[in-house]
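Worksheet for the structure shown next.
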Amino acid sequence: MLPAWLETELQTVPEIAVFSTADELVAGLTHLHDLHPDLTSLRRIGTSRLGDPLLCLTIGSTGPDALVFGLPHPNEPIGGLTALHLAARVCADETLRERLGHRWHIVACIDPDGLRLNEGWLKGPFTREHYARNFYRPAGDEQIEWTFPLDYKTAYFDQVLPETTALMRLIDQVRPRLMCSLHNTEVGGAYYYLSRPEPELHGVLQEIPERLGLSLDRGEPESPSMERFADGIFRMPDIETLYDYYVEHDDPLPEKFGGNSSHSYARPYGTLTLLSELPHWDDARVSDASPTTTTYAEVLREQAAGFRELVEWMEEILAATGDELTAGSAYVRASRYYARVMAPSPDAIEKRATDAGAQRPATVAELASLRDSVHMFRLRYAGMLLRALDGEVAIGNATPAIREAQRRLAAQYDAWLAEAAEGASTVQIPIGSLVASQYAALAATAEYLTRAH
């Protein structure tokens with residue numbers, strides 16, 4: 001059972017109809033500072049690549065520091081709302097400030113440039129098709145969460161983004177005891193990453209989403225390299241771990257994969273990092289650990305075939321359009337990146353299917369999560385490539401090759417949308433419930449650290 005104070009905090013999150021834009025998130029932080037000028041300070045910590053100021057609201061003047069930042073991936077807007085709600089509650093309630101016991105540094109949006117490319121779906125309708133057709137996620141070496149410095153064996157990265165530099169300076173200045181990078185996923189259930197095991201905290205984190213009617217995701221982790229602390233709770237990934245795992249399995253990370261993560265950068269300060277993943281659409285099957293009549297190997301091969309088909313389509317479309325695409329297009333850069341990064345995946349997945357342990361029955365959760373990963377990547381990455389082609393036509397670069405590629409990919413994309421809809425077993429989650437779940441996990445972790453110290 002959740003503690004009474006946390007139950008009360010869950011009730012503070014109102015119904016929320018839509019997500020906030022980059023400008024609305026800045027306005028929200030500014031408004032809180034205007035309401036609480038004696039308690040807060042608002043300062044510019046950096047500048048985005050396209051020139052937007054990056055703002056940080058600090059609440060309080062003493063205590064161990066907590067750093068919270070939203071939109072490390074710009075297609076994940078739940079965290080912006082969570083950051084604003086946290087800031088509002090901590091400003092308004094002195095008892096809560098004392099219970100949580102930190103000085104808070106809150107960045108509602110660290111990637112305004114990328115968020116603007118997702119604003120087509122932020123106000124709804126919240127269907128998977130509308131989301132997919134207006135989706136943008138940067139190439140790996142343009143993602144703020146994965147562009148921290150890296151120097152590990154043969155992996156090296158120093159092309160740090162201005163937004164990442166702003167976070168690095170902030171981490172070095174405040175040396176946070178707690179850091180929360182606010183993420184979300186698309187379909188399935190809720191799950192978490194922690195930078196270290198905290199067994200006393202695990203049960204509360206697991207109970208929060210279920211208390212709100214969300215499923216706890218007991219399906220496949222995002223990578224087979226990830227260590228599971230408990231159901232739905234994993235060790236925070238870093239490039240060093242991923243590097244060693246994939247080299248060990250003869251599947252080295254692709255060139256220009258990106259850099260390291262915020263948690264790796266903060267690790268020397270003893271920071272506990274929490275990352276909460278919440279889906280827009282709940283699929284109750286991801287909590288079902290009962291066996292199916294399909295072997296794990298069979299569903300892995302099915303996943304590999306789906307990924308291979310996607311890669312072949314993307315490679316063919318990109319080859320057919322070639323140098324005719326606008327090099328500066330964010331959609332083109334992202335499409336080329338994901339086609340390259342995904343190319344080795346089918347062979348690696350098929351290799352896992354040959355392991356002796358893969359001959360067991362797959363669980364309902366594994367079956368659902370592996371199958372949906374195919375739908376998710378098709379709709380994400382083929383959708384961005386289609387947006388790239390649509391953009392070329394819109395600016396007048398409607399060459400015969402681009403028009404033909406646009407026609408062919410649009411037809412295939414419609415087929416993939418229909419296939420995803422046919423196999424769907426999902427329910428849209430109210431935005432307020434998503435914010436409440438992420439906010440409660442963050443608050444519970446801060447309170448736990450305060451009690452533990």
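The chain is numbered in sequence order, starting from 1. Fair warning: this is a prediction, and the values are worked out from it, not measured in the lab.
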*Quick one: does Leu272's side chain get under 4.5 Å of Arg177's, heavy atoms only?*
no

*Between Asp65 and His105, is a side-chain hydrogen bond (donor to acceptor under 3.5 Å, both in side chains) present by the stated rule, with each step listed?*
CA-CA 7 Å; Asp65 292 280; His105 308 274; 2.6 Å; yes

*Distance-minimising heavy-atom pair for Ser276 and Gln438*: O-NE2, 3.3 Å

*For residues Gly306 and Val374, report the shortest heavy-atom separation together with the two atoms involved.*
CA-CG1, 3.8 Å

*What's the verdict on side-chain hydrogen bond (donor to acceptor under 3.5 Å, both in side chains) for His280 and Thr426, showing C-alpha distance, side-chain angles and the deciding distance?*
CA-CA 10 Å; His280 295 296; Thr426 57; over 6 Å; no

Residues [X] and [Y]: side-chain donor-acceptor under 3.5 angstrom:
X      : Y      : answer
Ser369 : Asp372 : no
Glu142 : Thr147 : no
Asp282 : Ser215 : yes
Tyr439 : Glu9   : yes

Any side-chain to backbone donor/acceptor pair from [X] onto [Y]? Under 3.5 Å, distance only.
X      : Y      : result
Ser437 : Leu434 : no
Thr271 : Arg267 : no
His33  : Leu29  : no
Asp238 : Thr241 : yes

_Parallel, tilted or perpendicular: which one describes the rings of His183 and His73, with boundaries at 30° and 60°?_
perpendicular

*Parallel under 30°, tilted from 30 to 60°, perpendicular over 60°: which one fits the rings of Tyr381 and Phe377?*
parallel

*asked:* Can you confirm whether Arg175 is buried at CZ, in the sense that more than 12 heavy atoms of other residues, nucleotides or ligands lie under 6.0 Å from that atom?
replied: no

_Please determine whether the number of non-hydrogen atoms from other residues, nucleotides or ligands lying under 6.0 Å from atom NE2 of His31 exceeds 12._
no

*Can you run down the salt bridge (charged side-chain N to carboxylate O under 4.0 Å, His left out) pairs that involve residues 152-161, sequence neighbours left out, and say none if there aren't any?*
Lys153-Asp244

*Which pairs pass salt bridge (charged side-chain N to carboxylate O under 4.0 Å, His left out) with one or both residues in residues 179-194, sequence neighbours excluded?*
Arg128-Glu186, Glu186-Arg380

Under 4.0 Å between a side-chain nitrogen and a carboxylate oxygen: does that hold for [X] and [Y]?
X      : Y      : answer
Asp93  : Arg99  : no
Arg218 : Glu210 : yes
Glu76  : Arg137 : yes

_Between Asp172 and Tyr265, does the side-chain hydrogen bond (donor to acceptor under 3.5 Å, both in side chains) criterion hold? Intermediate values first, please._
CA-CA 9 Å; Asp172 289 336; Tyr265 190 79; 2.6 Å; yes

Verify the ring-centre separation between [Y] and [X]: is it less than 6.0 angstrom?
X      : Y      : value
Trp146 : Phe157 : no
Phe229 : Phe234 : no
Tyr131 : Trp281 : yes

*Roughly how far, to the nearest 0.5 Å, is the CE atom of Met236 from the CG atom of Leu194?*
6.5 Å

*Starting at CG of Leu167, measure out to CZ of Phe69 and round the result to the nearest 0.5 Å.*
5.0 Å

*asked:* Walk me through whether Thr273 and Cys180 qualify under side-chain contact (heavy atoms from CB on, under 4.5 Å).
replied: CA-CA 6 Å; Thr273 301; Cys180 298; over 6 Å; no

*For Arg235, the option from Glu227, Glu240, Glu198 that meets salt bridge (charged side-chain N to carboxylate O under 4.0 Å, His left out)*: Glu227

*Do Ser48 and Asp52 pass the side-chain hydrogen bond (donor to acceptor under 3.5 Å, both in side chains) test, and can you show the C-alpha distance, the side-chain angles, and the key distance before you say yes or no?*
CA-CA 5 Å; Ser48 77; Asp52 268 21; 4.8 Å; no

